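Notes follow the structure.
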Amino acid sequence: CWFLSAMVFYWFLFKPLSRCLQNFSFGATLATMIALFALPWLVIVVPVIADLPILWFSAHSWGQTSTLLDLAVVFLKFNPACYLHVFVLGMLLAKLRLLLDAKAKASRSPRAFCLPMEFLAPLGYLGLFLIFALPELRPLGFKLSARLSVLLPLQAAVLLGLAGLPSMPIGRFAQFLAYFNFLENYSYAVYVFQFLCYSAWPERGEINLFAFLIFCIGTSVIIATLVQGPVQKWWKHYTRARLAVPFVLAAVLVGVALLPDANPNPDVAVFIRHDNRMLDTRLPLVDSKGSSMGLLMNPSLAVHDGRVLITARRHKLEVTLRNGWYNHSSASIEDQTWHSDVLLGTADLDVEAWARWPTSGEAPFQASLTPFFWLRTPENQRWRHLCAPEEYDQINNTLVRHVVTGPEDAKVFLHNGSISVSFNSLPPLGEESCSLGQDVSQMYLASEVSMDGKVDSIGRHLQCGATDAAEKNWIPFEHQGKMHFVYSPLPHKIVRAEEDGSCSDVFSTGFEPLAVLKRNNSHLEIRASGQAVFVNDTVATPSLPRPHFLAALHIFDNKLKTYSHFLYRFSDEAPFNILQVSSQLLLVEAKATESPGKPFAFVSGLLVVNRTAVISYGSGDRDARALVMTLDRLDELFTCAGAMADHPGNVSSVNASAVGNTSSAER
């Protein structure tokens with residue numbers, strides 16, 4: 001469709017261009033063609049002169065239009081003006097053919113022109129074959145430069161060689177290829193259906209090329225005979241009726257585009273009332289780019305200067321198969337691409353509406369979220385092109401690449417009155433690429449974040465923890481103006497971090513009920529969730545009538561692949577030991593759309609405003625939700641059966657049977 005729409009633009013310019021080119025001399029024609037041959041190389045030459053990377057365009061990701069670089073890449077890739085030189089070159093090639101023919105006629109030995117023309121097409125085909133077959137011969141920046149036609153000289157040689165000169169006999173190579181002219185009836189069908197045929201082909205890796213060509217050509221012959229041929233006849237017969245086709249098609253496409261987005265989670269309840277003080281609801285968050293870019297999940301909330309701050313993750317899985325090489329031999333390459341983005345947004349804070357939320361059921365805010373496109377690496381590069389872990393399946397001769405396109409689960413919190421965002425991500429690719437064994441998720445911190453993108457934010461690696469093992473789900477909190485993170489719930493390890501990413505271990509304490517649970521059930525893993533909030537409300541928290549921090553943890557069952565989520569309280573003074581653990585949270589679970597596992601949910605945030613507690617979470621990696629309750633209702637979770645406290649009387653209540661949420665994938 002893009003090609004045909006571009007051709008309309010070129011056809012409109014054909015007559016005025018013809019008038020401009022018709023009086024060109026042989027020298028002017030040749031000089032203009034050389035200039036047009038050189039034009040695509042500007043995308044390489046200009047960056048080199050400007051001391052920019054040759055692959056400058058690789059910072060752009062599909063669908064992104066938020067920066068000037070994004071707009072420049074989209075313009076170069078899709079604007080018809082950037083391919084006008086190809087159309088003009090075709091016209092000049094025809095002009096050159098006529099001028100060469102005139103010179104041949106005027107020459108004393110016209111046959112002397114035949115020999116060079118005889119070799120043009122074979123040499124052009126050979127050059128194209130070598131460039132596509134040998135990676136060493138690929139043009140610089142070929143993903144963009146080849147698209148803009150740096151291969152024009154070779155393509156022009158093929159066309160001119162096959163066409164020959166009008167007054168000369170057709171060359172032997174062209175005569176040989178003429179035997180295959182009957183394929184023109186099916187060539188377009190082959191072009192359109194080759195990828196569909198490959199998708200349906202049962203083999204992967206090094207396929208039987210001859211058998212695949214038979215299948216592809218056979219399919220194309222059937223399509224051309226039963227569909228293309230009858231449509232062409234109808235098109236020629238109904239000359240007036242076909243004039244309406246573009247308008248009808250345009251109206252249909254516009255109408256489809258205006259249809260509202262379908263509910264991506266029809267199987268998940270929008271709202272559930274647990275009791276008169278607790279409810280579960282889908283959060284009123286909208287992706288500014290539309291739902292086609294992915295689904296929102298794992299929200300996090302905070303409050304600052306009369307505004308509600310929201311972060312969420314956008315998530316979509318795409319799996320593609322292709323042929324490639326592994327360890328110097330052919331293999332099937334499976335790219336599991338997780339399109340991941342952190343989105344930010346704000347909304348007005350209405351504290352009275354927040355107080356009514358658990359009873360009224362009406363969310364006190366709505367927000368449109370924008371991709372965190374102003375997040376940069378310390379080298380001031382966009383947070384793209386991350387390490388891609390690989391795993392080779394020797395049985396199926398398949399290399400599986402786990403590609404993540406951006407940062408993952410973010411937590412928004414305040415530090416010294418400014419906004420900070422912590423997140424986990426695979427490390428961005430550096431000049432040395434990824435070090436062996438270090439292509440694992442790490443924790444990062446962006447300080448003094450601008451929620452509207454007016455100022456770039458630098459993500460810095462939090463340098464405590466392992467670099468050869470996955471790090472994620474640290475719980476941020478502030479104490480006496482210092483930034484801290486709960487590194488792990490068991491032991492309850494606390495690290496102190498600085499805005500430059502440096503951090504150090506400061507405290508580590510135990511909690512006997514969780515320790516007993518772990519000793520008796522080695523298959524359970526106890527991990528952190530969300531962020532911690534400071535609570536000082538002795539009236540609403542009679543089970544712990546003292547200042548404390550409120551946080552969340554989850555227990556992952558390695559046998560059942562299930563999750564269980566709990567709140568817990570820890571001391572507001574060093575060493576920040578755990579004081580209580582709640583009974584299990586009631587969360588709405590859903591199956592992930594990309595895997596057949598069990599339904600699950602995952603807590604990603606925690607906020608208390610005007611005695612209303614909001615536990616934000618993702619359901620099935622596809623729904624951004626919140627468990628909302630009054631603070632006194634939350635306090636009851638620490639007093640009922642199943643809750644844990646650090647004294648001997650409650651140790652006996654800790655058992656694996658109390659653990660029961662589910663999941664399909666580890667976090």
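No experiment lies behind these values; they were computed from the predicted model shown. When reading the values below, keep in mind they use all heavy atoms of this one structure, side chains included, and skip hydrogens, waters and symmetry mates.
- Arg376 contributes a side-chain N or O that, together with a main-chain N or O of Phe373, makes up a donor-acceptor pair within less than 3.5 Å.
- Counting heavy atoms from C-beta on, the side chains of Leu560 and Lys598 come closer than 4.5 Å.
- No side-chain heavy atom of Phe195 sits less than 4.5 Å from a side-chain heavy atom of Cys216.
- Although no hydrogens or angles enter the test, the distance criterion places a donor-acceptor pair under 3.5 Å between the side chain of Ser616 and the main chain of Pro299.
- If you check the side chains of Asp452 and Ser450, you find a donor sitting under 3.5 Å from an acceptor.
- The ring pair (Phe, Tyr, Trp, His ring centres under 6.0 Å) test with Phe477 is passed by exactly one of Phe413, Phe576, Tyr487: Phe576.
- A salt bridge links Arg313 with Glu408: at least one charged nitrogen is closer than 4.0 Å to a carboxylate oxygen.
- Donor-acceptor pairing under 3.5 Å is recorded for the side chains of Gln531 and Ser300.
- Remark: the His554 side chain and the Tyr617 side chain contain no N/O donor-acceptor pair separated by less than 3.5 Å.
- By the 4.0 Å N-to-carboxylate-O rule, Asp267 lies close enough to Arg622 to be salt-bridged with it.
- In this structure, Arg314 is not positioned above the aromatic face of Phe372 in the sense of NZ or CZ being under 6.0 Å from the six-membered ring centre and within 45° of the axis.
- In this structure, Lys472 contributes its side chain and Ser441 its backbone to no donor-acceptor pair below 3.5 Å.
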Original post:
side chain to side chain contact (heavy atoms under 4.5 Å, CB included) between Leu285 and Ile310: does it pass, once the steps are laid out?
Top reply: CA-CA 9 Å; Leu285 305 177; Ile310 307 109; 4.0 Å; yes

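- Between the side chain of Lys77 and the backbone N or O of Arg147 there is no donor-acceptor pair closer than 3.5 Å.
- At a cut-off of 3.5 Å, with distance as the only test, no side-chain donor of Glu390 or His402 sits close to an acceptor on the other residue.
- Here the side chains of Leu567 and Val603 are not in contact, with every heavy-atom distance at 4.5 Å or above.
- One finds no salt bridge joining Arg460 and Asp500 here, because no Lys/Arg side-chain nitrogen approaches an Asp/Glu carboxylate oxygen to under 4.0 Å.
- Salt bridge status for Asp557 with Lys559: absent, with no side-chain N to carboxylate O gap under 4.0 Å.
- Salt-bridge formation is not detected for the pair Lys289/Asp287: no Lys NZ or Arg NE/NH1/NH2 atom is positioned less than 4.0 Å from an Asp or Glu carboxylate oxygen.
- Side-chain atoms of Thr311 never come within 3.5 Å of backbone atoms of Leu344 as a donor-acceptor pair (strictly under, hydrogens ignored).
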**OP:** Carefully, step by step, assess Cys464 and Cys503 under the rule disulfide bond (SG atoms under 2.5 Å apart).
**Re:** CA-CA 6 Å; Cys464 41; Cys503 56; 2.0 Å; yes

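- Between Arg282 and Asp623 there is a salt bridge, with a side-chain nitrogen of the basic residue lying less than 4.0 Å from a carboxylate oxygen of the acidic one.
- A donor and an acceptor atom, one from each side chain of Arg625 and Ser619, are nowhere located under 3.5 Å apart.
- Using cut-offs of 30° and 60° on the angle between ring planes, the pair Tyr326 and Tyr392 is parallel.
- A salt bridge is defined here as a Lys NZ or Arg NE, NH1 or NH2 lying under 4.0 Å from an Asp or Glu carboxylate O, and Arg382 with Asp456 fails to meet this definition.
- With Ser340 contributing its side chain and Trp338 its backbone, the two residues share no donor-acceptor pair below 3.5 Å.
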**OP:** Applying ring-ring contact (aromatic ring centres under 6.0 Å, His included), run through His492 and Tyr568 and close with a yes or a no.
**Re:** CA-CA 11 Å; His492 198 239; Tyr568 78 96; 5.5 Å; yes

**OP:** Starting from the C-alpha separation in whole Å, work towards a yes-or-no answer on side chain to side chain contact (heavy atoms under 4.5 Å, CB included) for Lys493 and Val506.
**Re:** CA-CA 8 Å; Lys493 182 177 177 180; Val506 287; over 6 Å; no

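- Using modelled atom types, one finds no donor on one side chain facing an acceptor on the other under 3.5 Å when comparing Trp383 with Thr377.
- Using a 4.5 Å cut-off on side-chain heavy atoms (C-beta onward), Ile131 and Pro139 make contact.
- Looking at heavy atoms from C-beta onward, Leu144 lies in side-chain contact with Leu76 at the 4.5 angstrom threshold.
- A donor-acceptor pair shorter than 3.5 Å cannot be found between the side chains of Gln442 and Asn424.
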Subject >> Stepwise side chain to side chain contact (heavy atoms under 4.5 Å, CB included) test for His339 and Glu318 >> reply: CA-CA 8 Å; His339 297 279; Glu318 178 185 13; 2.8 Å; yes

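- The shortest distance between side-chain heavy atoms of Val43 and Ser145 falls below 4.5 Å.
- Under the 4.5 Å side-chain criterion, counting only non-hydrogen atoms from C-beta, Phe566 is in contact with Gln584.
- Considering only heavy atoms from C-beta on, His565 comes within 4.5 Å of Phe602 through its side chain.
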Subject >> Derivation of the side chain to side chain contact (heavy atoms under 4.5 Å, CB included) call for Leu295 and Lys316 >> reply: CA-CA 7 Å; Leu295 300 177; Lys316 182 172 70 173; over 6 Å; no

